[in-house]
Enquirer: 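My structure is below; once you've seen it, I'll send some questions.
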Amino acid sequence: MSERLNAPQAPIHPITRTHHGIDFVDNYEWLRDKESQETLDYLEAENAFTKQETEHLATLRDNIYEEIKSRVKETDMSIPVRAGKYWYYSRTEEGKSYGYSCRIPVTEGSDAWTPPVIPEGEPAQGETIIMDANELAEGHEFFSMGASSVTTSGRYLAYSTDVTGEERFTLRIKDLETGELLPDTLTGIFYGATWVGEEYLFYQRVDDAWRPDTVWRHKVGTPVEEDVLVYHEPDERYSTWVGTTRSEKFILFGCASKITSEVRVLPFDQPEGTPEVLIPRAEGVEYDVDHAVVDGSDIWLVTHNAEGPNFSVGWAGVDKLNSLDALTPLVAHKDDVRIEGVDTYRDFIILGYRSGAIGQVAIMKLIDGTFGEFQQLEFDEEIYTVASGGNPEWDAPVIRLSYGSFTTPAQLFNYWIESGERTLLKQQEVLGGYNPSDYVASRLWVTAKDGAQIPVSLVHRTDLDVSKPNPALLYGYGSYESSNDPEFSTARMSLLDRGMIFAIAHVRGGGEMGRGWYDNGKTTTKKNTFTDFIDVADALIEQKISAPEMLVAEGGSAGGMLMGAIANMAGDRFKAIEANVPFVDPLTSMLMPELPLTVIEWDEWGDPLHDKDVYEYMASYAPYENIEAKNYPNILAVTSLNDTRVLYVEPAKWVAQLRATATGGEFLLKTEMVAGHGGVSGRYEKWRETAFEYGWLINQATGVTE
């Protein structure tokens with residue numbers, strides 16, 4: 001029997017950081033040296049210790065993995081989407097970690113808008129596999145797709161891959177008529193690729209801080225060295241993007257900081273032209289545009305926040321828009337409705353918005369070419385998620401709607417605009433039998449200490465005895481105006497079927513309740529994110545929904561910062577906390593403009609490098625810098641060595657400091673040595689990762705080991 005390992009103790013190599021006359025002694029900053037053997041040895045020692053300390057959960061992990069696997073239809077396919085002359089779809093095969101991208105021609109004389117029914121388990125008649133991700137991933141420990149874009153004609157496929165997790169992609173072009181790869185190879189590029197016709201491909205590159213700062217034009221068949229720089233954004237707070245309107249009338253080039261945006265435009269038939277600014281940027285003003293044809297005229301529909309924080313929509317002729325003052329109102333600003341944007345088609349417009357912490361979809365028909373009225377789509381459940389997507393065709397009379405909830409597996413509908421009819425195309429199949437009535441979802445509203453009403457989404461088994469406290473997992477994020485909507489999860493069933501309650505605290509800093517909800521959980525109001533989460537935990541305890549000895553918490557990335565903060569501020573409410581790729585050393589990162597994303601992030605967190613007040617505010621909550629000599633909940637931190645968004649060094653330093661300072665609690669660090677921000681790749685590997693994390697959380701909350 002091998003000797004048991006002791007918890008690793010990171011060596012102390014103190015470095016004094018001085019800003020604004022304030023000193024901070026950092027004992028573990030040396031772990032930032034990714035090439036250092038001492039760093040790698042420490043990470044490997046932590047991995048070995050974590051493996052040892054979770055060995056007793058091997059049966060539970062295996063059971064959860066097999067449960068997830070048993071519920072998933074491994075050989076499956078998506079519903080075909082029409083683009084041009086083809087129906088495109090993806091399919092998976094049992095035993096294969098990645099999928100196939102396929103297409104079949106639109107059959108002459110068939111309904112051009114009703115997808116063909118393809119027999120399961122066998123290739124469709126006339127099928128072409130345009131990309132086999134399994135083949136591309138072969139020989140690589142990590143694999144991720146960045147772009148997969150086909151020209152309108154269907155001739156060329158542009159795809160990009162990352163095999164390290166560092167989110168630097170290599171793009172190739174495949175001639176789908178011959179099956180051959182063209183010699184064109186673009187390396188070190190950003191996500192995405194935008195075709196303009198068959199001749200031109202627009203893409204982005206990043207600067208040393210991993211900011212997409214440039215847009216380039218590549219001409220198919222020419223050397224990469226001849227690619228043309230179309231747009232460069234010098235301001236380090238802004239990131240670029242590129243796309244086209246669905247009408248294929250315009251190419252759009254945008255740039256945006258966290259609080260300001262600007263759009264440049266180029267006619268689609270002039271790809272070698274110089275983009276012109278549509279509306280010049282103004283600090284604090286965000287806008288986005290889409291092209292529509294109304295009453296025979298080309299117009300811009302503009303979603304903007306110049307009239308209020310929750311945005312509004314206006315329109316103007318394409319030749320008359322040079323400022324937001326030129327807009328004619330279409331959708332007015334409301335204090336309780338957050339407009340998220342419009343999506344235009346030849347004969348109708350889709351409006352996306354949030355109301356009552358629920359995402360909504362409304363549709364306006366263009367009657368005789370003029371504006372009609374937006375009609376909201378209605379659904380039966382109290383909490384759900386709905387969105388339109390996968391609709392590339394400008395003249396389509398139908399859109400795809402995706403719908404799901406905590407208890408309803410994902411559904412995909414055709415929604416026919418003229419009749420309002422919804423046709424169910426596919427429902428996520430849960431193998432082994434699934435009855436929605438076995439589970440119940442609800443919405444709880446918690447009053448924060450300052451009076452704010454915090455929405456909380458909950459789900460548990462219907463037969464759970466809720467007259468007494470139960471084990472519960474409380475999840476939170478609360479940053480970047482990101483909303484965590486209730487969606488179905490086959491993996492989550494392994495929690496619920498073991499008697500746990502799953503809850504999402506929709507805390508400030510997120511976008512569930514509008515722009516004000518976000519603004520009151522960022523920069524110098526960031527602590528609201530943490531206190532909201534604590535108030536929700538207190539409510540779960542006070543209402544005897546759960547109890548501290550059986551309540552666990554989880555969050556990732558910026559939500560990992562939330563986990564670190566609540567561990568310091570209210571660790572006694574939780575038995576255990578899991579933090580995925582956690583942003584737990586934010587002050588150090590925000591003081592280093594040379595790091596990926598830092599300058600861009602100053603609008604989100606504040607600029608402590610140049611503002612002492614911001615420095616002191618961040619220092620008062622930064623998880624790593626506020627660890628105290630007291631008992632902590634048990635903590636599992638999961639990270640990846642090649643993460644470019646939240647560097648592995650943050651959770652590594654955090655765990656080292658916790659272990660050196662805390663008087664109670666077990667602290668585990670698990671580092672994927674070949675992965676990025678999203679963790680491991682491949683569906684089976686991801687199921688294993690989920691089983692590891694859920695196994696730990698279930699054991700902490702319930703004590704079960706199988």
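None of the values given here were measured: they were computed from a predicted structure.
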Enquirer: Run the side chain to side chain contact (heavy atoms under 4.5 Å, CB included) test against A472 and tell me which residues pass, sequence neighbours left out.
Expert: I501, S546, L551
Enquirer: Return yes if a side-chain donor-acceptor contact under 3.5 Å exists between E628 and N626, otherwise no.
Expert: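 Looking only at side-chain atoms, N626 and E628 do not form any donor-acceptor pair under 3.5 Å.
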Enquirer: Which residues pass the side chain to side chain contact (heavy atoms under 4.5 Å, CB included) test with E481, sequence neighbours left out?
Expert: R338, R515, Y518
Enquirer: Could you verify whether a donor N or O on one side chain and an acceptor N or O on the other, from Q204 and T240, lie under 3.5 Å apart?
Expert: yes
Enquirer: Please table the atom pairs, donor to acceptor, closer than 3.5 Å between any side-chain atom in residues 649-656 and protein atoms at least two apart or in another chain.
Expert:
{"from": "E650", "atom 1": "OE1", "to": "V584", "atom 2": "N", "distance (Å)": "3.1"}
{"from": "E650", "atom 1": "OE1", "to": "D585", "atom 2": "N", "distance (Å)": "2.7"}
{"from": "E650", "atom 1": "OE2", "to": "S589", "atom 2": "OG", "distance (Å)": "2.5"}
{"from": "K653", "atom 1": "NZ", "to": "D26", "atom 2": "OD2", "distance (Å)": "2.7"}
{"from": "K653", "atom 1": "NZ", "to": "E29", "atom 2": "OE1", "distance (Å)": "2.6"}
{"from": "K653", "atom 1": "NZ", "to": "D585", "atom 2": "OD2", "distance (Å)": "2.7"}

Enquirer: Do side-chain atoms of R61 reach the backbone of T54 as a donor and acceptor pair under 3.5 angstrom?
Expert: yes
Enquirer: I'd like to know whether L562 forms a side chain to side chain contact (heavy atoms under 4.5 Å, CB included) with Y475, so could you lay out the CA-CA distance, the side-chain angles of the two residues, the decisive distance to 0.1 Å, and finally the verdict.
Expert: CA-CA 10 Å; L562 169 60; Y475 177 87; over 6 Å; no
Enquirer: Would you confirm whether T260, through its side chain, and G284, through its main-chain N or O, come within 3.5 Å as a donor-acceptor pair?
Expert: yes
Enquirer: Can you check whether W696 reaches V638 side chain to side chain, under 4.5 Å on heavy atoms?
Expert: no
Enquirer: Who are the side chain to side chain donor-acceptor pair (under 3.5 Å) partners of E601, not counting sequence neighbours?
Expert: K258, Y480, W605
Enquirer: Given 3.5 Å as the limit, does a donor-acceptor pair link the side chain of N699 with the main chain of G695, or not?
Expert: no
Enquirer: Decide whether a cation-pi geometry holds between K630 and Y632; the criteria are a distance under 6.0 Å from NZ or CZ to the six-membered ring centre and an angle within 45° of the ring axis.
Expert: yes
Enquirer: Which class fits the ring pair F253 and F202: parallel under 30°, tilted 30 to 60°, perpendicular over 60°?
Expert: perpendicular
Enquirer: If we ignore hydrogens and angles and just use 3.5 Å, is the side chain of D535 paired with the main-chain N or O of K449 as donor and acceptor?
Expert: yes
Enquirer: Please enumerate all residues that pass salt bridge (charged side-chain N to carboxylate O under 4.0 Å, His left out) together with R688, with sequence neighbours excluded.
Expert: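 So R688 forms a salt bridge (charged side-chain N to carboxylate O under 4.0 Å, His left out) with D62.
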Enquirer: So, R32 and E594, do they make that salt bridge, N to O below 4.0 Å?
Expert: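 The answer is no: the pair does not qualify as a salt bridge.
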Enquirer: Run through W210, F169, W216 and flag the one making a ring pair (Phe, Tyr, Trp, His ring centres under 6.0 Å) with F190.
Expert: W210
Enquirer: Between E53 and K670, does any NZ, NE, NH1 or NH2 come within less than 4.0 Å of an OD or OE carboxylate oxygen?
Expert: no
Enquirer: Go through the steps to decide whether W602 and H610 satisfy the test ring pair (Phe, Tyr, Trp, His ring centres under 6.0 Å), and finish with yes or no.
Expert: CA-CA 10 Å; W602 281 344; H610 302 101; 5.5 Å; yes
Enquirer: Given 3.5 Å as the limit, does a donor-acceptor pair link the side chain of H506 with the main chain of S483, or not?
Expert: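 Not confirmed, H506 side chain does not pair with S483 backbone.
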Enquirer: Do the side-chain N and O atoms of D162 and T164 include a donor-acceptor pair separated by under 3.5 angstrom?
Expert: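 Their side chains do contain a donor-acceptor pair, which is all the 3.5 Å distance test asks for.
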Enquirer: When you check the gap from the basic side-chain N to the acidic O, do D607 and R237 get nearer than 4.0 Å?
Expert: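 R237 and D607: not salt-bridged.
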Enquirer: With sequence neighbours left out, write down each residue that passes side chain to side chain donor-acceptor pair (under 3.5 Å) with T447, or none if nothing qualifies.
Expert: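 Here the qualifying residues are Q453.
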Enquirer: Whether the side chain of R573 engages the backbone of I534 through a donor-acceptor N/O pair (distance < 3.5 Å, no angle test) should be reported.
Expert: no
Enquirer: With no hydrogens and no angle check, just 3.5 Å: does a side-chain donor-acceptor pair link S97 and K686?
Expert: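 No, no side-chain donor-acceptor contact under 3.5 Å.
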Enquirer: Do side-chain atoms of Y42 reach the backbone of P8 as a donor and acceptor pair under 3.5 angstrom?
Expert: no
